[in-house]
Amino acid sequence: MLSFFRRKKTIGLVLSGGGLRGIGHLGVLKALEEYNIKPDMIAGTSAGAIVGAFYAMGNSPDVIIDKLPVLQFFGFSAFRLRRYAVFTPQMFYPLFKTFLPEDDFGALKIPLYVTATNIVTGKTQFFSEGPLFEPLIASASIPFIFPVATVKQEHFLDGGIINNLPVEILQGRCDKLIGVHVNAIAPGKQLVPTGRQLFDRIVHLSINNNVYNKAHLCDLFIDPPEMTRFSMFDKKQGRAIFDHCYTYTKELLQSKAISLT
């Protein structure tokens with residue numbers, strides 16, 4: 001039953017972006033914990049970086065999902081229509097203050113690597129030390145939804161633009177690698193989606209190739225199906241996303257009981 005995870009191996013966990021679909025990572029983490037699989041290091045992009053930070057601080061998946069509904073984000077108070085952006089990054093701070101008592105990578109109980117896209121160099125940049133909040137905001141700054149983020153006078157957008165599964169930062173640092181992707185595309189209707197649905201579809205059609213081209217590098221790749229039927233922005237779907245990813249991961253781990261021994 002997943003015996004190679006029970007030996008004293010160093011486990012790395014890589015979490016993709018996905019907007020509010022990143023809540024699915026919590027369901028995956030809960031299922032992994034029930035199999036006594038806990039990461040020794042985490043790398044994350046966008047929502048995966050934020051969830052990774054909350055978990056790395058010692059918050060349990062159940063505690064995080066229980067507190068999320070009462071927190072205000074992606075709401076009217078965060079709406080700040082401006083050129084090139086819809087929401088203010090200030091919406092992240094109630095989240096951070098709830099789950100991250102210190103703005104410091106060093107306060108985390110599990111080492112964390114956060115990715116963001118440097119829009120000048122066009123390359124992925126990794127953050128793993130120093131102040132924590134600014135790199136998390138940079139990693140989650142979805143183009144045209146949030147403004148360009150600045151960290152140490154450099155300019156960044158969402159890490160998922162060019163690297164939505166940053167496995168390379170953990171290669172050579174761990175014995176076993178688990179990748180989690182929460183953006184599997186659901187079959188679309190014949191009618192062309194409009195507005196927010198169209199934006200969502202374009203984003204994930206463009207970034208999924210940089211995930212699936214690296215999935216083979218993971219010892220275990222967790223890719224719950226039809227995730228794009230959930231919105232990137234609707235917090236009301238949070239519990240359904242959590243349950244879907246938890247159930248899928250439990251079933252996947254059970255199916256791997258023989259093949260991964």
Side-chain angles (χ1 to χ4, degrees), residues 1-18 21-68 95 98-102 104-115 126-129 132 136 139 165-182 214-215 217-224 241-261:
M1 186 184 294
L2 294 173
S3 59
F4 74 78
F5 281 118
R6 290 205 299 270
R7 295 195 294 269
K8 291 189 180 299
K9 300 285 187 179
T10 303
I11 299 172
L13 179 66
V14 184
L15 304 177
S16 77
R21 287 194 288 269
I23 291 171
H25 290 309
L26 297 171
V28 172
L29 285 164
K30 179 177 173 65
L32 291 174
E33 284 189 349
E34 291 179 0
Y35 273 76
N36 199 31
I37 300 170
K38 296 183 180 180
D40 298 287
M41 58 192 72
I42 300 171
T45 291
S46 196
I50 292 174
V51 170
F54 295 169
Y55 188 75
M57 186 61 78
N59 300 287
S60 74
D62 283 325
V63 166
I64 299 171
I65 188 64
D66 286 345
K67 288 184 178 181
L68 283 179
L95 285 170
T98 299
F99 300 110
L100 301 170
E102 295 185 55
D104 186 358
F105 276 94
L108 301 175
K109 296 177 173 62
I110 301 172
L112 175 70
Y113 298 87
V114 171
T115 72
F126 293 94
F127 300 90
S128 60
E129 58 184 19
L132 175 61
L136 289 177
S139 185
L165 195 73
V167 297
E168 62 273 20
I169 192 65
L170 298 188
Q171 287 183 299
R173 301 175 188 267
C174 58
D175 300 310
K176 297 295 177 180
L177 192 58
I178 303 172
V180 186
H181 177 235
V182 291
K214 295 192 286 185
L217 300 174
C218 301
D219 296 283
L220 180 63
F221 182 60
I222 302 172
D223 189 25
I241 294 170
F242 178 94
D243 291 342
H244 175 67
C245 292
Y246 169 76
T247 299
Y248 172 81
T249 304
K250 287 279 286 188
E251 292 173 351
L252 178 66
L253 294 175
Q254 291 167 2
S255 73
K256 296 292 185 180
I258 296 174
S259 61
L260 292 182
T261 55

Under the side-chain contact (heavy atoms from CB on, under 4.5 Å) test, residues paired with [X] that sit two or more places apart:
| X | result |
| --- | --- |
| Glu34 | Lys30, Tyr246, Lys250 |
| Asp175 | Lys9, Thr10 |
| Ser60 | Asp62, Val63 |
| Glu33 | Lys38, Tyr55, Pro61 |

Got a sec, which pairs hit salt bridge (charged side-chain N to carboxylate O under 4.0 Å, His left out) with one end in residues 42-57, sequence neighbours left out?
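Non-adjacent pairs meeting salt bridge (charged side-chain N to carboxylate O under 4.0 Å, His left out): zero.
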
Discussion item. Please verify the inter-ring angle class for Phe99 with Phe54; under 30° counts as parallel, over 60° as perpendicular, anything in between as tilted.
Written reply: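 Aromatic pair Phe99/Phe54 classed tilted.
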
Below 4.5 Å, heavy atoms only, C-beta onward: do [X] and [Y] meet side chain to side chain?
| X | Y | answer |
| --- | --- | --- |
| Asp219 | Ile11 | no |
| Val182 | Ile241 | no |
| Tyr35 | Gln254 | yes |
| Ile37 | Ile178 | yes |
| Leu112 | Leu132 | yes |
| Ile222 | Leu32 | yes |
| Ile64 | Thr98 | no |
| Val51 | Ile23 | no |

Who pairs with [X] by side-chain hydrogen bond (donor to acceptor under 3.5 Å, both in side chains), at least two apart in sequence or on another chain?
| X | value |
| --- | --- |
| Ser46 | Asp158 |
| Ser139 | none |
| Asn59 | none |

Set of ring pair (Phe, Tyr, Trp, His ring centres under 6.0 Å) partners for Tyr113, sequence neighbours left out =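 Tyr113: no ring pair (Phe, Tyr, Trp, His ring centres under 6.0 Å) contacts found.
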
With distance as the sole test, does Thr45 use its side chain to make a donor-acceptor pair with the main-chain N or O of Gly17 at under 3.5 Å?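 No.
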
Under 3.5 Å donor-acceptor, Lys109 side chain and Met57 backbone |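 Answer holds: yes.
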
Tell me the closest heavy-atom pair linking [X] and [Y], and the distance in Å.
| X | Y | value |
| --- | --- | --- |
| Leu13 | Pro39 | CB-CB, 3.7 Å |
| Gly24 | Cys245 | O-CB, 3.3 Å |
| His181 | Phe221 | CB-CZ, 3.8 Å |
| Val167 | Cys218 | CG1-SG, 3.9 Å |
| His25 | Ser16 | NE2-O, 2.7 Å |
| Ile42 | Gly52 | CD1-O, 3.9 Å |

Quiz prompt | Residue pair Leu100, Leu136: steps toward the side chain to side chain contact (heavy atoms under 4.5 Å, CB included) verdict | solution = CA-CA 12 Å; Leu100 301 170; Leu136 289 177; 3.8 Å; yes

For atom CD of Gln171, decide whether the heavy atoms of other residues, nucleotides or ligands shown that lie under 6.0 angstrom number more than 12.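 Yes, CD of Gln171 has more than 12 neighbouring heavy atoms, counting only those of other groups under 6.0 Å.
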
Determine whether Leu253 and Leu220 satisfy the following criterion, side chain to side chain contact (heavy atoms under 4.5 Å, CB included), listing intermediate values before the conclusion. CA-CA 9 Å; Leu253 294 175; Leu220 180 63; 3.9 Å; yes

